[in-house]
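For reference, the structure discussed in these notes is given below.
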Amino acid sequence: MLSRLLAALLAAFALLAPAAATDPGLARLARASGTPTIPGLNMVWLAPWGDVTAAHAWHNIIVHQTEGPAGSARMGALAQSKNPTRRGVTVWVETDGTVYWAVAENLVPTHGDGANRNDNAFIDNSATYHQVVRDNSIGVEFAGNFPDVTTGPTEAQIAAWRILVAVLRARYAIPLDHVYAHNWIDFKDGRYCEGCSLATLAREWGE
């Protein structure tokens, strides 16, 4: 499984253009309203963007991975759209890279476990312990690590993430060091590190 993940990461680095966060056109588009077409993203809008000034105050991004098969992001997003505050997230990413914006950006889904990790196992938790929580963090869920939870993200998911994380950061003015893996801030399933490779990539891509 490690070789599969490494191959996906190397392919992503080889195929992707310079960091999208530096693209002023993308930054302007990220502040739009409605259902904009974002170059490089196959975005399915279940909830359109409103005026960004009326959005919830998102200060962090939490990267999740769901223990579900291909197709589960679509199903999760549809269920989330019908019940926005259920346990889940605002944005879902399918194995083929399709991104589902499921919840209006002024609503807060139930995700995270209260930022209960304080062991500094992955990052310094002094700035996250009981601080990086659902009320201030927008969640992104990547599907596909079933039946083997150690399965990494697909190349298509990595490519979508590179653009998506830039869009989220530009839209809500989220600093690069406020992109977190779920495992970095919460005690999670010990079989794998949830969201860790994706959050690491985001930070390595930089600005």
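Closest of all the heavy-atom pairs between Pro84 and Leu107 is CB-CD1, 3.8 Å. When every heavy atom of Pro109 is checked against every heavy atom of Gly88, the shortest pair comes out as CB-O, 3.5 Å. Ala160 and Gly97 make their closest contact through CB-O, 3.5 Å (heavy atoms, listed as atom of the first residue, atom of the second, distance). Among all heavy-atom pairs drawn from Ala77 and Ala102, the shortest one is O-CB, 3.5 Å. Taking all atoms of both residues into account, the shortest heavy-atom contact from Ala143 to Pro69 is CB-O, 4.4 Å. Considering all non-hydrogen atoms of both residues, Thr150 and Asp148 come closest at OG1-OD1, 2.6 Å.
Using a 4.5 Å heavy-atom threshold, the side chains of Ile163 and Val99 count as separate. Between Pro153 and Leu201 there is no side-chain heavy-atom pair separated by less than 4.5 Å.
Side-chain heavy atoms closer than 4.5 Å link hydrophobic residues (I, L, V, M, F, W, Y) into clusters, and following such links, possibly through other members, connects Leu29 to Leu168. Trp92 and Met43 sit in two unconnected hydrophobic clusters of ILVMFWY residues. Membership requires side-chain heavy atoms under 4.5 Å apart, directly or through other members. Grouping the Ile, Leu, Val, Met, Phe, Trp and Tyr side chains by contacts below 4.5 angstrom, directly or via other members, places Val93 with Val63. Linking ILVMFWY residues whenever their side-chain heavy atoms come closer than 4.5 Å, directly or via other members, leaves Val103 and Val108 in distinct clusters. Both Trp49 and Val165 are assigned to one and the same hydrophobic cluster, defined by single-linkage of ILVMFWY side chains at heavy-atom distances under 4.5 Å.
Between atom CZ of residue Phe142 and atom OG1 of residue Thr66 there is a gap of 12.5 Å, rounded to the nearest 0.5 Å. Taking OG1 from Thr110 and CZ from Arg134, the interatomic distance works out to 4.5 Å, rounded to the nearest 0.5 Å. The OG1 atom of Thr154 sits 8.5 Å away from atom CD of Glu94, with the distance rounded to the nearest 0.5 Å. Atom CD1 of Ile38 sits about 7.0 Å away from atom CG of Leu26, to the nearest 0.5 Å. Here the CD1-OG1 distance, from Ile62 to Thr128, works out to 9.5 Å after rounding to the nearest 0.5 Å. A distance of 11.5 Å separates CG of Asp189 from NE2 of His182, quoted to the nearest 0.5 Å.
No donor-acceptor pair under 3.5 Å is formed between the side chain of Glu67 and the backbone N or O of Phe146. Between the side chain of Arg171 and the backbone N or O of Ala30, at least one donor-acceptor pair lies under 3.5 Å. The main-chain N or O of Val133 is found under 3.5 Å from a side-chain atom of Ser137 such that the two form a donor-acceptor pair. Checking side-chain atoms of Asp186 against main-chain N and O of Ala115 turns up a donor-acceptor pair under 3.5 Å. Checked by atom type and distance alone, the side chain of Arg169 pairs as donor or acceptor with a backbone atom of Ile174 at under 3.5 Å. Looking at Thr90, its side chain never comes within 3.5 Å of a backbone N or O of Gly139 through a donor-acceptor pair. A distance-only check finds a donor-acceptor pair linking the side chain of Arg203 to the backbone of Val179 [under 3.5 Å]. The main-chain N or O of Leu198 is found under 3.5 Å from a side-chain atom of Trp161 such that the two form a donor-acceptor pair. The closest donor-acceptor contact from the side chain of Arg117 to the backbone of Asn183 lies under 3.5 Å. Of the possible polar contacts, one joining the Gln65 side chain to the Gly195 backbone as a donor-acceptor pair under 3.5 Å is found.
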Practice task
Check the pair Asp113, Lys188 against side chain to side chain contact (heavy atoms under 4.5 Å, CB included), reporting the backbone distance first and the verdict last.
Solution key: CA-CA 9 Å; Asp113 297 298; Lys188 295 297 296 175; 3.7 Å; yes
Practice task
Check the pair Thr95 / Gln157 against side chain to side chain contact (heavy atoms under 4.5 Å, CB included), numbers first and verdict last.
Solution key: CA-CA 6 Å; Thr95 53; Gln157 286 176 319; 4.2 Å; yes
Handout entry: Verdict with reasoning, Thr200 to Trp184, per side chain to side chain contact (heavy atoms under 4.5 Å, CB included)
Key = CA-CA 11 Å; Thr200 298; Trp184 292 357; 3.4 Å; yes
Exercise for the section: Apply the test side chain to side chain contact (heavy atoms under 4.5 Å, CB included) to residues Gln80 and Tyr100: give CA-CA distance (whole Å), side-chain angles for both, the deciding distance (0.1 Å), then the verdict. Expected result: CA-CA 10 Å; Gln80 195 79 51; Tyr100 294 86; over 6 Å; no
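Between the side chains of Glu105 and Tyr172, at least one donor-acceptor pair of N or O atoms lies under 3.5 Å. Side-chain atoms of Asn125 and Asn118 form no donor-acceptor pair, as typed in the model, at a separation below 3.5 Å. With hydrogens and angles left out, the side-chain atoms of Asp51 and Ser33 include no donor and acceptor closer than 3.5 Å.
Below 30°, between 30° and 60°, or above 60°: for His178 and Tyr180 the angle between ring planes is between 30° and 60°, a tilted geometry.
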